[in-house]
Protein chains: 2
Amino acid sequence: MKISSKGEYALRALIALGRKEEELVQIKDISKETLVSSQYLEQILLHLKSHGYVISKRGVNGGYKLKEAPERIVIGKVIRDLEGPLAPMSCVSITSYEYCPLEDQGCMLKPLWALIRDEVADLLDHTTLQDLLDRNINKKRSDRK
Amino acid sequence: MKISSKGEYALRALIALGRKEEELVQIKDISKETLVSSQYLEQILLHLKSHGYVISKRGVNGGYKLKEAPERIVIGKVIRDLEGPLAPMSCVSITSYEYCPLEDQGCMLKPLWALIRDEVADLLDHTTLQDLLDRNINKKRSDRK
DNA sequence: TAGAAAGTCGACTAACTTAATCAAGTTACT
DNA sequence: AGTAACTTGATTAAGTTAGTCGACTTTCTA
C-alpha cells in the first residue's frame with residue numbers, strides 16, 4: 001500500500017513551487033528544499049510539465065513555476081498521473097479496470113477493496129495543493145458533510 | 001497504492017478455508033476455488049501457517065484448516081503480516097516508522113499520508129474474516145459510530 | 001557573438017520486488 | 001511398502017524503482 005518516491009517527490013516539488021507562487025524556481029533550489037537530487041528532480045519535473053502542472057523557462061535565470069493556481073491542482077490527479085491508479089486492486093479501479101474471473105462467482109474481497117478505493121480516492125480527489133500549503137487536510141470531505 | 005498478489009491470494013485462501021470451517025481442505029481444492037496455482041499457494045499457506053493463521057495435517061487425507069474462528073482473524077493483521085505496513089509512507093507507519101528529515105521543517109505531506117494511513121488501518125483493523133464471509137464490509141466502523 | 005547557465009531528452013543500469021517454479025525432501029495413512 | 005500430501009530451500013524470469021549519464025538545445029549577458 002505504498003506511495004512511490006516518484007509521486008512523493010513530485011508532490012514535494014509542487015509544494016516548493018507553490019510556496020513561491022509566481023517566481024521561476026531553479027531545479028537546484030527545488031532540490032535544496034525537497035532533499036531530492038537535481039538529476040532525479042529533472043526527470044520528475046519533466047513529467048509534471050508533460051502533464052501540464054508546471055511550465056519552464058530555459059537559459060540563464062530560467063526555472064519552473066506552476067501552470068495553474070494551487071487551488072486548481074488536485075492531489076488525486078497528480079498521483080494518478082505520476083504513479084498510476086489509486087485503487088488497491090485493478091478489479092475496483094475506475095480509471096484502469098481489469099476483469100477478474102472471481103467476480104463472476106461473487107468475490108468476497110472485491111467489496112473491501114472497493115471501500116478502500118473509495119476512501120482513498122475521495123480524500124485525494126478533494127484535496128488540492130492549496131490545502132497542503134495551508135496544512136488544511138482534515139475535515140472538508142464529502143462523506144463527513 | 002497496490003495490494004500485492006501475495007496478500008490477495010492469502011486472503012482468498014483464508015476465505016476458502018473459512019467456508020469449510022472445520023474440515024481439512026487440500027491445496028489442490030483451495031487452488032480450484034481461488035484460481036491460484038497449487039505451487040504458489042503452497043508457499044503462501046506456509047506463510048499463513050508460520051504466522052499462526054492456519055494449521056496443517058500431512059499425509060494422506062491431510063490438508064489445511066483455520067487455526068482460529070473467522071471472527072478472530074483480523075484482515076489488517078493478515079495484510080501486515082503477509083505484505084508489510086499499511087501506511088503509504090514509512091514516516092507515518094505505526095508498525096515500522098522511519099525518520100524523514102523533512103519532518104523537522106514541517107513537512108506538508110505527512111498529515112495527508114497520516115490521514116490515509118488512519119483510514120485504511122481503521123477499516124482493515126475493524127474487518128474480520130467473518131465479515132468478509134458475511135459480505136458485511138460496510139458500516140460498523142469506529143469513525144462512523 | 002562567444003560562453004555560460006539552465007532546461008531537454010533518451011538511453012542505460014543496479015538493486016529490489018514480485019510471482020512463480022522446481023527439486024528433493026519428510027510425514028503419515030492404508 | 002507405497003503413495004498422497006505437506007515442507008523447505010533454491011532458483012529464476014520479468015517487472016519496477018530509483019536513479020545516473022551524456023549529449024543537446026535554448027536563452028541570457030558581457
- prompt: What are the two closest heavy atoms between B/Val92 and B/Ala114, and how far apart are they?
  reply: CG1-N, 3.7 Å
message: Let's see if you can work this out: which of D/dG19, D/dC21, C/dA20 has an atom nearest to the side-chain heavy atoms of A/Tyr9?
response: D/dG19
message: For D/dC6 and B/Asn61 - does any side-chain N or O of the residue sit under 4.0 Å from the phosphate oxygens OP1/OP2?
response: no
- prompt: Phosphate oxygens OP1/OP2 of D/dG19: is one of them under 4.0 Å from a side-chain N or O of A/Lys6?
  reply: no
Closest to side chain of A/Tyr40, choosing from C/dA19, D/dG19, C/dA6: D/dG19
- line: With the side chain defined as heavy atoms from C-beta on, A/Gln43 is closest, among C/dA20, D/dT20, C/dG7, to D/dT20
- prompt: Is A/Lys2 touching bases, backbone alone, or none of the nucleic acid, heavy atoms closer than 4.0 Å?
  reply: nothing
- prompt: Please give, in whole Å, the distance from C/dC9 C1' to A/Ile44 CD1?
  reply: 16 Å
message: What is the distance, to the nearest angstrom, from the NE2 atom on A/His47 to the C1' atom on D/dT17?
response: 12 Å
- request: Please examine the side chains of B/Tyr64 and B/Leu48, heavy atoms only from C-beta on, and report whether any two atoms are closer than 4.5 Å.
  value: no
message: Rounded at 0.5 Å granularity, tell me how far CD1 in B/Ile75 sits from CG in A/Leu109.
response: 7.5 Å
message: Closest approach to the side chain of A/Ser5, judged atom by atom: which nucleotide of D/dT20, D/dA18, C/dT8 is it?
response: D/dA18
- request: Would you mind reporting whether A/Leu35 and B/Leu102 have side-chain heavy atoms less than 4.5 Å apart?
  value: yes
task: Output yes when at least one side-chain N/O atom of B/Ser4 is less than 4.0 Å from OP1 or OP2 of C/dT17, else no.
output: no
- request: Give a yes/no answer on whether the side chain of B/Ser56 brings an N or O atom under 4.0 Å of OP1 or OP2 in D/dA5.
  value: no
- line: Of the candidates C/dA20, C/dT8, C/dA23, the side chain of A/Arg58 sits closest to C/dT8
task: May I ask you to say what A/Ile27 touches in the nucleic acid, namely base, sugar-phosphate or nothing, with a heavy-atom cut-off under 4.0 Å?
output: sugar-phosphate
task: Answer yes or no: are there more than 12 heavy-atom neighbours, outside B/Lys67 itself, under 6.0 Å from its atom NZ?
output: no
- prompt: Considering only D/dT8, D/dA18, C/dG7, which nucleotide approaches the side chain of B/Leu46 most closely?
  reply: D/dT8
- request: Rounded to the nearest angstrom, tell me the gap between atom NZ in B/Lys28 and atom C1' in D/dA4.
  value: 8 Å
Nearest-Å distance for atom pair CD1/P, residues A/Ile55 and C/dA6: 18 Å
field: Value in whole Å for how far the C1' atom of C/dT18 lies from CG of B/Leu82
entry: 14 Å
query: DNA chain D: A/Ser37 or B/Gly62, which has the more 5' nearest nucleotide?
result: B/Gly62
message: I need the single residue from A/Lys77, A/Arg80, A/Arg117 that forms a salt bridge (charged side-chain N to carboxylate O under 4.0 Å, His left out) with A/Asp125. Which is it?
response: A/Arg80
task: Starting at atom CG of A/Asp29, determine the distance to atom P of C/dG7, rounded to an integer number of angstrom.
output: 9 Å
message: Just the rounded figure in Å: distance from P of D/dG9 to CD of B/Gln39.
response: 17 Å
field: No-H, no-angle donor-acceptor pair, B/Glu42 side chain to C/dT21 base, under 3.5 Å
entry: no
- prompt: In whole Å, what is the span from the CD atom of A/Glu83 to the P atom of D/dG19?
  reply: 14 Å
Proximal nucleotide (of C/dT21, D/dT3, C/dT8) relative to the B/Val60 side chain: D/dT3
- prompt: For A/Gln26, which contact category applies under a 4.0 Å heavy-atom criterion: base, sugar-phosphate, or nothing?
  reply: sugar-phosphate
